[in-house]
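What follows is a single structure, written as C-alpha cells, with notes after it.
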Number of protein chains: 2
Amino acid sequence: MTNKEITIKDVAKRANVSVATVSRVMNGRDRVSDATRKKILKIIDELNFVPNTMAASMVNKKTNMLSVVVPEIQNPFYTAVIGGMVEIAKHAGFVTLVVSTNDDEVEEAAFFESFLGKNVDGIVLVGTHKDAEFYRNIRKPTILVDRYINDCGHDGVIIDNFRGAYDATKHFVECGHERIAIIDGAHDYNDGKDRYWGYHQAMHESRLTPDPKLHKQGKWLEEDGYRFTVELMQSEQPPTAIFAANNVICTGAIKAIRDLNLHIGEDISLIGFDENELAQFVRPRVTVVGRPTREMGIQAAEMLIQKIKEPPKGQAKLKKMILDVELMKFDSVKKLNES
Amino acid sequence: MTNKEITIKDVAKRANVSVATVSRVMNGRDRVSDATRKKILKIIDELNFVPNTMAASMVNKKTNMLSVVVPEIQNPFYTAVIGGMVEIAKHAGFVTLVVSTNDDEVEEAAFFESFLGKNVDGIVLVGTHKDAEFYRNIRKPTILVDRYINDCGHDGVIIDNFRGAYDATKHFVECGHERIAIIDGAHDYNDGKDRYWGYHQAMHESRLTPDPKLHKQGKWLEEDGYRFTVELMQSEQPPTAIFAANNVICTGAIKAIRDLNLHIGEDISLIGFDENELAQFVRPRVTVVGRPTREMGIQAAEMLIQKIKEPPKGQAKLKKMILDVELMKFDSVKKLNES
DNA sequence: TTGAAAGCGCTACCAT
DNA sequence: ATGGTAGCGCTTTCAA
C-alpha cells in the first residue's frame with residue numbers, strides 16, 4: 001500500500017550491480033559494458049524508475065532551470081519577452097519558470113529567498129527594485145531586461161527609450177505640432193525617465209518650450225492614460241498632440257478620445273510607445289514607437305545561457321545591449337503644416 | 001578567492017554548537033535556550049548564511065512551490081486564472097511558478113519530466129493532453145482547470161460551458177433570430193464540445209434546425225474567427241447572428257465586421273464567450289458569456305492547498321467544481337421581433 | 001568495466 | 001537544552 005518511491009538503489013539491487021553503475025548508464029558519459037547497460041536499462045523501464053533530480057542537483061549544483069521574473073504577467077509586453085526567452089531556453093535544454101512580482105519589491109525579494117530563487121541556474125529579470133544594492137546581492141547569472149540600473153553588477157538588454165520618444169516628438173513637430181503633451185508615469189526607472197527626456201530634448205531642439213501643463217505624470221496605468229487625456233482635452237488650451245509614453249497609457253488615451261467623441265488624427269494626434277491591441281485596431285491606426293519585444297527575450301536568454309556555460313572569470317566588463325526602436329507611422333498624426 | 005558557499009556546519013563551528021542546534025533555531029519549532037538562540041542568530045547574520053532549501057527538501061519532501069501549467073501565456077483568460085491562483089498560494093506560503101506549454105503535448109510532458117515538474121508540491125493544470133491516461137500518471141496533488149477529462153483521477157474546477165452557450169443562443173432566439181451561426185474550434189476538450197452542444201440544444205428546443213453551413217469549425221484562433229466571419233457574411237444567405245465560441249474568435253469576428261464595414265447590432269448580431277478587450281471597447285459593446293476567470297484560479301488554488309495539507313486517504317471521491325457563467329447583455333444583439 | 005564509499009547540506013531521531 | 005548521527009538519493013573519485 002505504501003507507494004514508496006523507487007530509487008537508484010532498487011534498480012541496482014535488482015540488477016545485481018552497484019548504484020555507481022546504474023548512475024553511469026543514466027548519465028551516459030562513463031563507459032559501461034554493453035551487456036550490463038542493456039540489463040540496467042531494461043530494469044529501469046520495468047520498475048518505471050525516474051531519478052530524483054533534486055538529489056542529483058545537490059551534487060552537481062545545477063538544475064537546468066531558468067527563471068524570468070516580470071512585474072506583471074498581464075502586460076503583453078512582458079508576455080512577449082517571456083515568449084522569446086522560453087523558446088531559446090527550451091532549445092538549450094532549460095525549463096523556464098515565469099514569476100510575476102506584481103511590481104512589488106517585497107514579492108520580488110521573496111522570490112529570491114524561495115526554493116525557486118535559490119535553485120535556478122540563471123535569471124532574466126525585469127526588476128522592480130530601484131536600488132543597485134539589491135541587484136548586486138544576486139549571486140547568480142542574471143540579465144536585466146528593459147529596466148536597467150547602473151552599477152547593478154549585471155548585464156542588460158534594453159532599448160533606446162530616449163530615441164524612441166525623441167523620434168515620436170520630432171515627428172509631431174515635423175507635422176507642424178507645437179502644443180505637444182506627454183502622459184507618463186513615475187521616473188523610477190531609466191526607461192520612463194529616458195522617454196521623458198527624449199521628448200524634452202526634441203521639444204527644445206525645435207525651439208518649443210514644453211508647457212508644464214502638458215506634462216501629465218501619474219502611474220503607468222490605463223486609468224491614468226484615460227484620466228489625463230480627458231483632463232488635457234477639456235483644459236483651456238488643449239494640446240494638438242499627445243505622446244502616450246507606454247502601451248497601457250496609450251490604451252487609456254484611445255478609450256478617452258473615443259468617449260469624448262473626438263477623432264484620432266483629426267481632433268487630436270496621438271503617438272504611443274510600444275504596440276498594443278487597440279492602437280492596431282482603431283482606424284486610423286495609431287502611430288507607435290515599436291520595440292522588438294520578443295527579440296529582447298531572445299537576446300537576454302542567449303546572453304544568460306552563454307554566461308551559465310562560461311562563467312566570466314574575475315571581473316568581466318558588463319555588457320549592456322541596446323536594441324533599436326522604430327517609429328511605425330500610420331495616420332494618427334495630423335499634418336498641420338499642409339495647405 | 002573561492003567563494004565557497006557557507007553552510008550550517010560553518011555556523012555550528014563558529015558558535016561552538018552542533019548542527020542540530022543550528023537547525024533547531026532555524027526552524028523554530030524545537031526549543032533552544034535563549035542564550036544560544038541569540039548567539040546563533042547573530043552568527044547567522046554575520047556570516048550571511050542562507051540555508052540550502054534543496055537539502056532541506058530532500059529530507060522533508062516538500063518545496064513549498066506550486067506550479068500552474070497553461071497552454072498559452074498570451075491569452076488573458078489564462079493570465080487571469082494565474083493571477084487568482086498566485087494570490088491564494090502566496091498567502092498560504094507557496095511560491096507559484098508559471099509554465100506555458102504552447103498547447104503542445106510534448107512540451108507539457110517535458111515539464112513533468114523536468115526538475116520543476118518533479119519537485120513542486122502541487123499543480124494547477126490546464127491540460128493539453130486528450131487522454132485520461134496521461135493525467136492518471138501524475139502522482140502529485142493536481143487540480144485540472146477549465147479543460148476536464150473524465151477518469152483522469154484528479155479534481156477539477158470548470159465552468160458551465162453548456163449553459164453559457166445555451167443561454168447565448170436562447171438570447172438570440174428571443175430576439176427573433178433564426179439564422180444563428182456558430183464559430184468554434186476542435187472539440188478536443190469538453191469545454192469546446194459542450195459549447196457546441198449547448199448551442200445545438202438551444203436551437204432544437206426552439207424548433208430551429210441548425211444550418212450546417214452556419215457552423216464554422218476551425219481552430220480556436222483569432223484568424224479563424226476573422227476568416228469565418230468574412231465567409232459567413234459574404235455567403236449567399238448570411239446569418240443574422242454569430243456566436244463566437246471563445247474570446248479570440250470573438251476578437252477576430254469583431255475585426256472582420258469592422259473591415260467589412262458592417263455594424264454590430266445592426267447588420268449583424270454577435271455574442272462572444274468570455275470577456276475580451278475589444279468586445280468591451282467597441283460600441284455598442286459586445287454581449288458575452290462572462291465567466292469567473294480569476295475565481296477559477298482562486299478555487300483551484302484553494303482545493304490544491306487543501307489537498308496538500310490533508311492528503312486524501314485511500315480512494316476519495318473526485319470533486320468537480322462547476323462555476324456559473326452569466327450572460328452579460330449589451331447591445332450587440334438586434335431585436336428582430338420588435339415593430 | 002565495476003564497486004565501495006565519501007560526500008552534497010540539511011533534518012530528525014535517539015541519547016545524554 | 002543540546003549533541004551525535006543516520007539518512008534523503010544521487011554523483012564521483014579511488015581502488016580493484
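Lettering of chains follows the sequences in order, A, B, ..., and the numbering in each one begins at 1.
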Practice problem: Return the 5'-most residue of the pair B:Ser33, B:Val59 with respect to DNA chain D, ranking by each residue's nearest nucleotide. | Solution: B:Ser33
Self-check item: Distance under 6.0 Å and angle within 45° of ring axis: A:Arg14 vs A:Phe49
Solution: no
Quiz item: Looking at A:Phe77, does the NZ or CZ of A:Arg291 lie under 6.0 angstrom from its six-membered ring centre and within 45 degrees of the ring axis?
Solution: yes
Looking at [X], does any N or O in its side chain come under 4.0 Å of the phosphate oxygens OP1/OP2 on [N]?
{"X": "A:Thr36", "N": "C:dT2", "value": "yes"}
{"X": "A:Lys9", "N": "D:dC10", "value": "no"}
{"X": "A:Thr21", "N": "C:dT2", "value": "no"}

Taking atom [atom2] of [N] as reference, at what distance in whole Å does atom [atom1] of [X] sit?
{"X": "B:Asp10", "N": "C:dC8", "atom1": "CG", "atom2": "P", "answer": "11 Å"}
{"X": "B:Met58", "N": "C:dG9", "atom1": "CE", "atom2": "P", "answer": "13 Å"}
{"X": "A:Asn16", "N": "C:dT2", "atom1": "CG", "atom2": "C1'", "answer": "13 Å"}
{"X": "A:Lys118", "N": "C:dC10", "atom1": "NZ", "atom2": "C1'", "answer": "13 Å"}
{"X": "A:Asp30", "N": "C:dT2", "atom1": "CG", "atom2": "C1'", "answer": "10 Å"}
{"X": "A:Asn60", "N": "C:dG7", "atom1": "CG", "atom2": "C1'", "answer": "13 Å"}
{"X": "B:Lys13", "N": "D:dG3", "atom1": "NZ", "atom2": "P", "answer": "15 Å"}
{"X": "B:Met54", "N": "C:dC8", "atom1": "CE", "atom2": "C1'", "answer": "9 Å"}

Self-check item: Distance-only donor-acceptor check, side chains A:Asp103 and A:Thr128, under 3.5 Å
Solution: yes
Where the side chain of [X] is concerned, which of [options] is the nearest nucleotide?
{"X": "B:Val19", "options": "C:dC13, C:dT11, C:dC8", "result": "C:dT11"}
{"X": "A:Pro51", "options": "D:dC10, D:dT2, C:dT11", "result": "D:dC10"}
{"X": "B:Thr7", "options": "C:dC10, C:dT11, D:dT2", "result": "C:dC10"}
{"X": "A:Lys61", "options": "D:dC10, C:dG9, C:dC10", "result": "C:dG9"}
{"X": "B:Ile8", "options": "D:dT13, C:dT11, D:dT11", "result": "C:dT11"}

Quiz item: For A:Ser18 and B:Arg24, take the nucleotide of DNA chain C holding the closest heavy atom to each; which residue's nucleotide lies nearer the 5' end?
Solution: A:Ser18
Quiz item: So which one's nearest nucleotide on DNA chain C is more toward 5', A:Ala20 or B:Val22?
Solution: A:Ala20
Exercise. Answer yes or no: is there an ion pair linking B:Asp121 with B:Lys140, defined by an N-O contact shorter than 4.0 Å?
Key: no
Exercise. Check whether any side-chain heavy atom of B:Ser57 lies under 4.5 Å from a side-chain heavy atom of B:Lys62, and answer yes or no.
Key: no
